Amino acid sequence: MTRVRFAPSPTGNLHIGSVRTALFNWVFAKKSKGTLVLRIEDTDLERSKPEFEANILEGLHWLGLDFDEGPHVGGNYGPYRQSERIGLGVYQRVADEFLAKKLAYYAFETSEELDKERLDAEAKSLPYVYSRNSLKLTEAEVSEKLASGMPYVIRFRIPDGRGAVVTNDLIRGPVSFEADLLGDFVILKSDGTPTYNFAVVVDDIAMEITHVIRGEDHISNTPRQELLYEAIGAKAPEFAHLPIILGPDRSKLSKRHGAQSVSEYRDQGYLPDALVNYLSLLGWSPKDTRELLSKDELVAIFEIHQISKSGAIFDIEKLNWMNAHYIRPLSPFVLLDLVRPFLNDKQKAVFESKYTQETQLTILELVKDSLTVLPDINREVSIFTDSYDEYLEQYNGLEPGHLPMEVIRKFRDWVTQISAEIYEIDIDAVIDEILVETKLGKGKVMRPIRMACTGRASGPLLSRVLSLLGRDCLLERLKRF
RNA sequence: GGCCCCAUCGUCUAGCGGUUAGGACACCAGAUUUUCAUUCUGGCGGCCGGAGUUCGAUUCUCCGUGGGGCUACCA
């Protein structure tokens with residue numbers, strides 16, 4: 001039975017890079033009909049915050065990435081928060097066992113002393129490896145220090161002469177590290193909580209994780225974890241390290257590259273399916289050339305070996321294209337709900353009071369092809385919500401040249417003699433008439449009318465726009481010509 | 001500095017010894033559209049460098065170069 005996990009630490013909002021890791025774990029789980037576990041790695045008590053955990057949960061839910069086990073859904077392999085496992089004494093127990101077997105030892109250096117060690121090594125341009133000074137202590141000395149209440153950590157002892165630690169990465173093939181260069185790393189901090197490498201291994205064993213799919217930034221942790229598995233006597237899971245997501249400057253995607261959390265993308269009006277689809281193509285590609293893929297299709301054709309090894313730059317342009325692609329086939333009815341939260345107050349007030357829901361839907365149908373992200377709706381809908389002053393502003397912003405007044409007058413005269421509602425087909429008919437009478441080209445007739453009536457040089461289908469605007473609005477605007 | 005990973009159009013990528021090096025985004029041009037957008041067609045544009053292996057290297061090996069990651073009692 002395949003069991004995979006996504007293990008974010010709640011020290012920030014759900015990051016776009018984490019999402020991709022979550023996505024590949026999700027797809028892999030579905031593909032192999034296995035179980036997907038969410039584990040919150042909140043052992044950094046300082047930086048972990050409940051609101052970040054909430055943001056992560058929210059984001060995953062919004063994206064439609066559902067988990068089989070986790071703090072929010074339960075499961076038989078809990079607790080699903082590392083902090084809660086600490087209380088159970090699990091890590092302490094394993095560490096004590098290591099201590100008893102001399103696989104680990106107490107260390108008493110202060111962080112200042114360790115900083116000095118590092119600085120010295122750097123000054124001599126030597127690779128830094130922990131000095132093992134505490135390993136040289138006699139048992140009596142250790143007992144004495146412990147008895148005196150001196151703060152201590154527990155360090156894992158890298159086995160002497162262990163040689164190369166080789167991980168057979170599912171994506172990269174064999175990756176090898178010299179054990180001697182690893183240094184005896186801390187497994188239990190002075191406050192009794194486990195460090196990342198230790199907690200991960202203990203948890204993954206406890207949760208019977210079979211495949212660890214995570215970011216490439218964890219690749220150098222892998223040999224330490226392999227060693228811990230050996231020490232515990234457990235079989236290590238398969239590892240797969242995904243290429244990292246880069247900013248436009250080729251460095252790891254971070255704050256300075258702009259939006260990086262899922263909630264920001266949501267707030268900017270990206271659709272979850274578009275985001276998922278785009279992310280799925282960042283570092284992975286199907287065997288054929290299809291690119292627009294639903295989550296189900298993704299699961300159907302996903303192949304972990306098709307994941308590429310090199311880092312991928314996050315390309316907002318392609319995401320934009322994809323988002324527009326996902327907006328286009330939506331029904332106006334669905335779109336209305338999606339778009340409503342993005343209407344600004346003024347636009348919303350006018351739009352909803354001026355037009356019936358049916359008309360609102362007609363307008364959405366008319367403009368939806370022009371949307372890249374949801375907030376674009378404000379720009380599109382403004383054609384229909386402009387007040388007279390706003391219309392004038394729009395108009396003055398243009399360089400209309402001289403409008404053929406003959407066309408405008410003819411059109412205005414026609415509108416003037418209409419007594420009731422204006423219909424699209426009638427508008428088309430008048431325009432045809434004007435075309436014949438003036439012997440001008442379509443562009444020469446329709447463009448001026450559009451400009452005179454909407455203040456804009458372009459927009460959706462003219463006759464439909466004008467009929468939606470209505471007789472009174474058109475008259476008010478046309479009477480100044 | 002050390003360790004590790006990576007390297008095909010500007011970007012995301014296909015390629016797994018012999019291909020006119022394929023697709024997508026972006027860009028440019030044309031067609032359609034009253035305009036914009038959509039859509040369609042076409043175009044521009046790429047194997048980091050050097051050795052080696054081979055009849056033949058984008059592909060395999062080595063060395064450079066370049067980029068990235070890690071280098072905590074963070075995860």
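Order of the sequence lines sets the chain letters (A, B, ...), proteins ahead of strands, with each chain counted from 1. Atoms considered below: every heavy atom in the structure, side chains included; atoms not considered: hydrogens, waters and symmetry mates. Note that the structure is predicted; figures quoted are calculated from it, not measured.
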Checklist entry - Starting at the 5' end of RNA chain B, which residue's closest nucleotide do you reach first, A:Asn221 or A:Ser176? => result A:Ser176
Next on the checklist: So if I take residues 364-371 of chain A and measure heavy-atom distances to RNA chain B, which residues fall below 4.0 Å?
Outcome noted: A:Asp369, A:Ser370
Checklist entry - When the C1' atoms of B:U20 and B:C47 are considered, how many whole Å apart are they? => result 15 Å
Item to check | Phosphate OP1/OP2 of B:U34: any A:Arg450 side-chain N/O under 4.0 Å | outcome: no
Next on the checklist: Just to be sure I understand the rule, does A:Ser463 reach a base, reach only the sugar-phosphate, or reach nothing, if contact means heavy atoms closer than 4.0 Å?
Outcome noted: nothing
Checklist entry - Is the cationic atom of A:Arg477 (NZ for Lys, CZ for Arg) positioned less than 6.0 Å from the six-membered ring centroid of A:Tyr391 and within 45 degrees of its normal? => result yes
Next on the checklist: How many whole angstroms separate atom CG of A:Asp184 from atom C1' of B:U71?
Outcome noted: 16 Å
Checklist entry - Under 3.5 Å, is there a donor-acceptor pair linking the side chains of A:Asp42 and A:Ser83? => result yes
Next on the checklist: Under 4.0 Å, counting only non-hydrogen atoms across every strand here, what does A:Arg290 touch: a base, just sugar-phosphate, or nothing?
Outcome noted: nothing
Item to check | Step-by-step ring pair (Phe, Tyr, Trp, His ring centres under 6.0 Å) determination, A:Phe24 to A:Phe302 | outcome: CA-CA 9 Å; A:Phe24 283 137; A:Phe302 180 77; 5.7 Å; yes
Item to check | Integer-rounded Å distance: B:G69 P and A:Asp169 CG | outcome: 18 Å
Checklist entry - For B:C28, what is the paired nucleotide under Watson-Crick or G-U wobble rules, both distances under 3.5 Å? => result B:G42
Item to check | Any A:Lys252 side-chain N or O less than 4.0 Å from OP1/OP2 of B:G67 | outcome: no
Next on the checklist: Would you say A:Asn197 and A:Gln225 are linked by a side-chain donor-acceptor pair, where the criterion is simply a distance under 3.5 Å?
Outcome noted: yes
Next on the checklist: How many whole angstroms separate atom NZ of A:Lys49 from atom P of B:A75?
Outcome noted: 15 Å
Checklist entry - Taking the six-membered ring for Trp, are A:Tyr229 and A:Phe239 parallel (under 30°), tilted (30 to 60°) or perpendicular (over 60°)? => result perpendicular
Checklist entry - When all nucleic acid strands are considered with a 4.0 Å heavy-atom cut-off, which category describes A:His241: base, sugar-phosphate, or nothing? => result nothing
Next on the checklist: Over all strands shown, is A:Arg47 touching base, sugar-phosphate only, or nothing at heavy-atom distances under 4.0 angstrom?
Outcome noted: base
Checklist entry - Parallel, tilted or perpendicular: which fits the ring planes of A:Tyr106 and A:Tyr152, with parallel below 30° and perpendicular above 60°? => result perpendicular
Checklist entry - Distance between the P atoms of B:G67 and B:C48, in whole angstroms? => result 15 Å
Item to check | Length of the line joining A:Ile154:CD1 and B:A72:P, which is rounded to integer Å | outcome: 20 Å
Checklist entry - When you look at NZ of A:Lys124, are more than 12 heavy atoms from neighbouring residues, nucleotides or ligands closer to it than 6.0 Å? => result no
Next on the checklist: Within the 4.0 Å heavy-atom criterion, would you say A:Val175 contacts the bases, only the backbone, or no part of the nucleic acid?
Outcome noted: sugar-phosphate
Checklist entry - What closest approach, in Å, do A:His211 and A:Pro237 show between heavy atoms, and which atom pair accounts for it? => result N-CB, 4.1 Å
Checklist entry - When all nucleic acid strands are considered with a 4.0 Å heavy-atom cut-off, which category describes A:Asn320: base, sugar-phosphate, or nothing? => result nothing
Checklist entry - A:Ser48 near the nucleic acid: base, sugar-phosphate alone, or nothing, with a heavy-atom cut-off under 4.0 Å? => result nothing
Checklist entry - Is there a side-chain polar atom (N or O) of A:Arg328 under 4.0 Å from OP1 or OP2 of B:U39? => result yes
Next on the checklist: Determine whether the aromatic ring centres of residues A:His218 and A:Tyr196 are separated by less than 6.0 angstrom.
Outcome noted: yes
Next on the checklist: Would you measure the distance from the C1' atom in B:G46 across to the matching atom in B:G15 and give it in whole Å?
Outcome noted: 13 Å
Next on the checklist: So, OP1 or OP2 of B:A72: does either fall under 4.0 Å of a side-chain N or O from A:Lys189?
Outcome noted: no
Item to check | Nearest listed nucleotide, side chain of A:Tyr196, among B:A75, B:G68, B:U39 | outcome: B:A75
Item to check | P gap between B:U58 and B:U33, integer Å | outcome: 47 Å
Checklist entry - For A:Lys442 and A:His325, take the nucleotide of RNA chain B holding the closest heavy atom to each; which residue's nucleotide lies nearer the 5' end? => result A:Lys442
Checklist entry - Given the P atoms of B:G1 and B:A37, what is the spacing between them in whole Å? => result 50 Å
Next on the checklist: Check whether A:Tyr128 forms a cation-pi arrangement with A:Arg118 (NZ or CZ under 6.0 Å from the six-membered ring centre, at most 45° off the ring normal).
Outcome noted: yes
Checklist outcome for this item: Checking B:A75, B:G68, B:U34 against the side chain of A:Ile244 (C-beta onward), the nearest is B:G68
Checklist entry - Which whole-number value in Å describes the distance from A:His15 NE2 to B:A75 P? => result 18 Å
Next on the checklist: By the 4.0 Å heavy-atom rule, please label A:Glu117 as base, sugar-phosphate, or nothing.
Outcome noted: nothing
Item to check | nucleotides 6-16 of chain B: protein proximity per nucleotide (B base, S sugar-phosphate only, - neither; heavy atom, under 4.0 Å) | outcome: SS---SBSSS-
Checklist entry - Which is true for A:Ser458 with a 4.0 Å heavy-atom rule: it touches a base, it touches only sugar-phosphate, or it touches nothing? => result base
Checklist entry - How far apart are the closest heavy atoms of A:Asp217 and A:Ser220, and which atoms are they? => result O-OG, 4.4 Å
Checklist entry - Using a cut-off of 4.0 Å on non-hydrogen atoms, how would the nucleic acid contact of A:Pro248 be classed: base, sugar-phosphate, or nothing? => result nothing
Checklist entry - Side chain of A:Ser251: nearest nucleotide among B:G69, B:A75, B:C73? => result B:G69
Next on the checklist: Does the structure show a Watson-Crick or G-U wobble partner for B:U65, both distances under 3.5 Å? Name it, or say none.
Outcome noted: B:A7
Item to check | Sugar-phosphate only, base, or nothing, as touched by A:Gly459 at under 4.0 Å among non-hydrogen atoms | outcome: base
Checklist entry - Nearest-Å distance, CG (A:Leu14) to P (B:A75)? => result 19 Å
Checklist entry - Paired with B:C70: which nucleotide, if any, by Watson-Crick or G-U wobble criteria at under 3.5 Å for both distances? => result B:G2
Item to check | Under-4.0 Å side-chain N/O to phosphate OP1/OP2 contact, A:Arg447 with B:U33 | outcome: no
Next on the checklist: Which residue is it: A:Tyr265, A:Phe314, A:Tyr270, A:Tyr326? I am looking for the one with a ring-ring contact (aromatic ring centres under 6.0 Å, His included) to A:Tyr278.
Outcome noted: A:Phe314
Item to check | Pairwise P distance for B:C12 and B:G50, with rounding to whole Å | outcome: 24 Å
Item to check | Touch class at under 4.0 angstrom, heavy-atom based, for A:Leu126 against every strand present | outcome: nothing
Checklist entry - Is any side-chain nitrogen or oxygen of A:Thr43 closer than 4.0 Å to OP1 or OP2 of B:A75? => result yes
Item to check | For B:U33, the Watson-Crick or wobble partner whose two distances fall under 3.5 Å | outcome: none
Checklist entry - Could a donor-acceptor pair under 3.5 angstrom be found where the side chain of A:Ser220 meets the base of B:C70? => result no
Checklist entry - Crowded around A:Glu122 CD? As in, over 12 foreign heavy atoms under 6.0 Å? => result no
Checklist entry - Using atom P of each nucleotide, how far apart are B:A26 and B:C6 to the nearest Å? => result 31 Å
Item to check | Spacing between A:Arg224 atom CZ and B:C3 atom P, to the nearest angstrom | outcome: 14 Å
Checklist entry - For A:Glu46, does the CD atom have more than 12 heavy-atom neighbours from other residues, nucleotides or ligands under 6.0 Å away? => result no
Checklist entry - Using purine N1 to pyrimidine N3 plus N6-O4 or O6-N4 for Watson-Crick, or N1-O2 and O6-N3 for G-U wobble, both under 3.5 Å, which nucleotide pairs with B:C55? => result B:G18
Item to check | Rounded interatomic separation in angstrom, taking CD1 from A:Ile187 and P from B:C74 | outcome: 13 Å
Item to check | Whole-angstrom distance between B:G22 and B:G43, as gauged at atom P | outcome: 11 Å
